[in-house]
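Following: one structure in structure tokens, then a few remarks.
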Amino acid sequence: MSFAMLEHLTEALLFPELKEYWFVSYVGLVMVIIGEVIRKLAVVTAGRSFTHVIRIHYEDQHKLITHGVYR
């Protein structure tokens with residue numbers, strides 16, 4: 001999210017001619033923010049069960065999360 005915000009601000013400040021259709025840029029920026037909020041909620045909801053590693057075998061400390069954003 002930080003890099004997306006940085007890119008948006010850099011283009012808006014240094015190359016404003018690239019932002020011909022401002023509403024498209026703002027819709028994209030809102031989508032990035034919403035996506036990042038949903039991702040953060042998913043990580044917090046999963047807690048210790050969240051991992052970036054795809055598991056093939058079941059581990060005892062992991063459990064299926066069926067509440068919050070995983071509902």
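What you are looking at is a predicted structure, and each value in this text was computed from that prediction instead of being measured. What's counted below: heavy atoms across the whole structure, side chains too, no hydrogens, waters or symmetry copies.
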Separation between [atom1] of [X] and [atom2] of [Y], rounded to the nearest 0.5 Å:
X   : Y   : atom1 : atom2 : result
T45 : K40 : OG1   : NZ    : 13.0 Å
S2  : E7  : OG    : CD    : 13.0 Å
I34 : I38 : CD1   : CD1   : 7.0 Å

Shared hydrophobic cluster, V44 / V69 (ILVMFWY, side-chain heavy atoms < 4.5 Å): no

Cluster check L41, Y70: I/L/V/M/F/W/Y, side chain < 4.5 angstrom: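 Yes: a chain of side-chain contacts under 4.5 Å links L41 to Y70.
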
Any R71 side-chain heavy atom under 4.5 Å of T66 side chain: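 Result no, sub-4.5 Å side-chain heavy-atom pair not found.
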
